[in-house]
Asks: 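Got a structure for you, questions after.
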Amino acid sequence: MLDISFSKSALPKTGALVLLVDDHLTADLLPATDEATGGAISRAFAAAEFKGKAGTTCVILAPGAGLSRVVAVGIGKADALTGKIAEEAGGHAVVHLNRDAAATVAAGGLTVELAAHVALGAALRSYRFDRYRTTEKAEDKPKLAKLAVLAASPAKAKEAWVPLKAIADGVVLTRDLVSEPANILNPAEMADRCRALESLGLKVEVLGPKELTKLGFGALLGVSQGSANEPRVVVMQWHGLSGEPVKPKKGAKAEPRPQPVAFIGKGVTFDTGGISIKPAGGMEDMKWDMAGAGAVVGLMAALAGRRAKVDAVGIVGLVENMPSGTAMRPGDVVKSYSGQTIEVLNTDAEGRLVLADVLAYCAATYNPRFMVDLATLTGAMIVSLGHEYGGFFSNDDTLAQQLHAAGEATGELLWRLPLADAYDKQLKSDIADMKNITGRPGSAITAAQFIKRFVGSTTWAHLDVAGVVWSTKDAATTPKGATAYGVRLLDRLVADHYEG
Amino acid sequence: MTQRLVLPRIRIGASAPKAAARVLPVLAGHVPPDCQEAARAGGFSGAAGTACDILGPTGRKLLVGLGAAPNEDAHRLAGALAASRLNKVGRIAIDATALLPDNAAAFALGAALRAWRPDGFQTIPDPDGPSLAAIDLLSTAPGIEAAWQRAAAVLAGSCLARDLVTEPSASLTPQGFIDRLAPLEKAGVQITVLRRRDLEREGLGCLLAVGRGSEHRPRLVILRLPGAIETQPIAFVGKGITFDTGGICIKPADRMWEMRADMAGAAACAGVMLTLALRGSPAPAVAILALAENAIGEDSYRPGDVLTSFSGKTVEVVDTDAEGRLVLADALAYAASRLRPAAIVDLATLTGSIVTALGHEMAGLFTNDPALAAHVAAAGAQTGERAWRMPISAVQRSDLDSDIADLRHCLSGRLQPDACHAAAFLREFVGDTPWVHLDIAGVESRETADDAHAHGATGFGVRLLDRLVSLRFEDPHQA
């Protein structure tokens with residue numbers, strides 16, 4: 001990730017300079033830069049009709065005074081500047097900074113918080129997953145490694161940056177996990193990468209096939225049984241509120257500890273569909289069928305990284321869904337952790353089987369305040385809402401409102417969809433407690449109804465993120481590819497309502 | 001071919017000597033003493049959605065559960081359950097002596113709507129088929145007549161909509177639809193019809209293009225009720241594609257027969273106008289029906305064509321099977337500019353996308369006015385015609401940018417949020433008028449009957465819109 005530092009506002013001697021220009025064409029260091037370059041900046045603004053509108057940029061190459069380039073980024077109305085606009089400005093800026101190893105952002109005119117958000121936007125947009133590019137020429141690689149942010153008070157800006165950096169680190173971790181191909185990132189490998197988060201102070205427990213069999217994760221094991229790659233369930237605990245970790249004992253009387261908040265992720269490291277195999281076209285996208293789990297891992301890293309004052313548990317169900325001689329068949333009946341039986345009519349509706357066991361286990365073992373699950377669950381969600389909103393369902397209006405607000409604040413938008421008995425009825429099976437698919441109509445809703453049968457009375461929300469975890473277009477703070485949708489959203493949910 | 005759609009007769013009275021079965025609504029935990037033994041044996045305690053059929057020495061009695069604190073719509077649902085259980089009894093009596101008039105009327109309305117049958121085209125009688133033909137509503141409560149008059153108006157409007165949706169497209173052409181609006185005229189609705197030359201003169205280029213492939217020419221129908229309040233009218237706009245082949249972008253053969261129902265939005269608009277007229281609503285109301293057949297012909301419009309809409313905006317046609325939003329675009333713009341309505345609600349069987357999103361239980365609701373949307377959603381919740389709010393995002397609007405016209409009307413490719421795209425498209429034609437779009441694809445008919453629904457056309461929208469008018473548009477002080 002970009003190396004970000006903060007210092008006092010002063011015109012740099014070399015390298016690239018970013019000016020954050022409002023709609024009155026005022027900006028920190030703008031007069032000084034313009035003077036040092038003999039008016040080159042204001043001439044360029046006039047020639048390019050640059051008006052400081054948010055989202056616009058004006059790049060001036062070699063303007064003089066030793067600078068390689070000046071990148072002017074519009075921030076619109078100065079008094080309407082939000083963290084989101086500041087982040088987007090940082091994101092727009094770094095796109096033009098690939099040719100310099102070091103660059104400076106003049107953010108002395110902003111509050112220290114907003115200056116830190118500019119840094120966050122720059123860090124998020126400069127992400128690149130290039131570990132498998134072995135023949136790329138050095139001159140084709142982006143060079144930018146260091147970004148100095150000039151702030152009114154560097155020390156205070158750095159203080160504001162520390163938690164944001166933890167969030168950025170979480171986002172990068174998630175994007176890496178989601179971007180990794182499935183021959184590298186199988187359940188065991190992903191569990192190892194979770195284990196590495198112990199260095200942040202997370203308590204990490206990995207359940208393998210033996211433990212899962214003993215615990216009775218029959219639905220999750222059914223999904224995994226066709227793959228040579230063994231399943232894992234990883235439990236990550238952060239005790240930012242209560243201190244030392246607890247070892248939960250099933251049946252034992254719980255100590256008077258704060259109830260943790262819980263996040264559950266679907267982690268199908270590759271989804272062929274199983275025996276109900278998917279069509280070949282687009283199947284490569286199924287490497288990101290673990291993006292829900294990826295977001296939970298990044299979120300837990302962010303919470304630990306910023307020492308969030310909360311007790312949180314993150315659980316990811318990691319499996320690979322393969323067709324083979326040992327694979328689960330359409331028509332099989334599996335017994336879930338909760339004891340409820342499921343008739344599997346389509347092996348490609350596997351995510352809900354994984355979630356069913358993990359959610360029921362979480363509710364029974366950790367007595368959480370709430371559970372939020374994230375899953376790339378249904379194509380129906382993409383047909384419902386497209387690629388701007390994650391769809392969500394909840395049995396609790398307060399949690400739903402909090403989630404919606406966190407989405408608005410972070411730009412990871414959510415839209416609520418309904419739950420109702422009429423949908424639940426469609427899950428009726430002739431030979432088991434339920435079947436795992438319904439027809440196409442309302443199928444994202446019926447998937448949510450299925451999951452709801454495993455959460456009991458726990459406060460819960462289900463986020464179907466199939467349309468938002470992978471992007472085919474660059475956005476201001478998200479290069480195309482893995483978006484890490486969910487990390488910032490849920491971090492914000494915790495920060496706004498569940499800390500302290 | 002003559003059509004004979006079946007709806008039971010309703011009679012209000014104090015007794016029903018000819019009824020073959022008696023229906024008794026029961027509050028949870030309030031089973032009458034003389035039925036308690038049978039109720040216990042049948043596991044019945046009055047819970048909503050349950051019933052207990054007692055064949056006693058004094059005749060057949062059906063206990064129907066109302067639940068603990070039933071609202072009006074719970075009574076409608078209980079009535080539907082009664083009719084679904086007794087649909088092979090020729091004449092039933094509903095003992096509503098313990099119910100408030102509005103609840104009694106809702107119960108009877110539910111029973112009648114559930115007893116409606118779309119078998120008017122069958123010439124071979126089915127001796128084992130449903131035969132419920134008459135309902136006696138037993139109540140002597142003051143106000144029962146007035147309450148039933150209101151419910152009967154809703155029943156008439158719903159059944160008009162259902163009958164229109166049920167009728168095959170061979171006879172229910174655009175002109176055939178208009179021919180069936182006689183009951184509205186009789187009830188005091190003013191009817192204006194714009195024919196081809198009028199449409200050309202007015203410049204409804206999108207509606208004309210969609211109807212061009214068919215020998216049954218398109219029509220725009222304006223229904224007006226002046227009301228008693230001096231204010232701007234509420235406007236309903238309905239998609240009325242009397243048959244949708246898809247046009248040049250032809251649909252697959254399987255299930256194409258369902259496309260005779262692609263005028264359900266227009267049918268609901270006509271239905272609610274009948275309801276409002278019959279119950280003498282004081283609210284001024286207008287409805288615009290955009291009627292066309294989307295056929296394949298030598299003069300059909302093509303993918304890639306650019307149309308000039310009534311609003312003046314140009315539209316690039318991507319898929320001729322997304323024709324509903326084209327006819328609505330002209331109808332909405334016409335409504336907004338010519339009728340100056342206080343608000344517009346349009347209804348359309350518009351997208352498969354909304355069926356994928358919400359299934360058959362709720363309509364999709366899109367809006368440019370959250371307050372109006374809240375009223376529409378509330379009206380839907382109160383009448384059991386539920387609508388769920390869906391988004392229109394900035395990206396979904398920019399997805400509609402065209403290379404050669406002001407707008408394209410949809411996107412190609414699978415996995416598109418087409419319902420949202422359609423709504424984003426329609427919004428371009430309503431200007432500043434407060435507007436709600438209800439995508440009713442998926443709720444306009446039921447494939448199978450159940451306790452709550454008859455098989456076939458539902459008339460979705462009539463109850464909702466009627467309630468919307470009484471909730472928001474009948475208060476002269478708010479106008």
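Only this structure's heavy atoms are used, side chains among them; waters, hydrogens and symmetry mates stay out. Residue numbers begin at 1 in each chain, while the letters A, B, ... track the order of the sequences.
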Asks: Is there side-chain contact between A/Gln426 and B/Glu361, with heavy atoms separated by less than 4.5 Å?
Replies: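 They are in contact (side-chain heavy atoms under 4.5 Å apart), so the answer is yes.
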Asks: Measure A/Ala420 against the heavy atoms of chain B and call it side chain, backbone, both or neither at under 4.5 Å.
Replies: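 For A/Ala420, the contact with chain B is made by the side chain alone.
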Asks: Counting only non-hydrogen atoms closer than 4.5 Å, does A/Leu413 touch chain B with its backbone (N, CA, C, O), its side chain (CB onward), both, or neither?
Replies: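 Neither the backbone nor the side chain of A/Leu413 comes within 4.5 Å of chain B.
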Asks: Is the side chain of B/Thr356 donor-acceptor paired with the backbone N or O of A/Ala380 at a distance under 3.5 Å, no angle test?
Replies: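 No, the answer is negative, given that no donor and acceptor are paired below the 3.5 Å cut-off.
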Asks: Considering all heavy atoms of both residues, which atom of B/Gln396 and which atom of A/Leu385 are nearest to each other, and what is their separation?
Replies: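 Here B/Gln396 and A/Leu385 meet closest at NE2-O, 3.1 Å.
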Asks: Taking atom CG of B/Asp399 and atom NE2 of A/His387, what is their separation to the nearest 0.5 Å?
Replies: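 Going from CG on B/Asp399 over to NE2 on A/His387, the span is 9.0 Å.
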Asks: Return the minimal non-hydrogen interatomic distance between A/Val383 and B/Leu415, and the atom names on each side.
Replies: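 So the two residues come closest at CG2-CD2, 3.6 Å.
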Asks: At a heavy-atom distance under 4.5 Å, which candidate from A/Ala422, A/Gly379, A/Pro418, A/Ser384 has the highest pair count against chain B?
Replies: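 Maximum pair count with chain B is reached by A/Pro418.
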Asks: Within a radius of less than 6.0 Å around NZ of A/Lys84, do more than 12 heavy atoms belonging to other residues, nucleotides or ligands occur?
Replies: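 Open.
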Asks: Taking the side chain as C-beta and beyond, is there a heavy-atom pair between A/Tyr423 and B/Met362 under 4.5 Å?
Replies: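 When only atoms from C-beta onward are counted, B/Met362 and A/Tyr423 do touch, with a gap below 4.5 Å.
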Asks: Hey, which of B/His360, B/Met390, B/Arg386, B/Gln416 has the most heavy atom pairs under 4.5 Å with chain A?
Replies: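 Of the options given, most contacts go to B/Met390.
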Asks: Return yes when atom NZ of A/Lys435 has more than 12 non-hydrogen atoms of other residues, nucleotides or ligands closer than 6.0 Å, and no otherwise.
Replies: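 For A/Lys435, atom NZ is crowded (more than 12 foreign heavy atoms under 6.0 Å).
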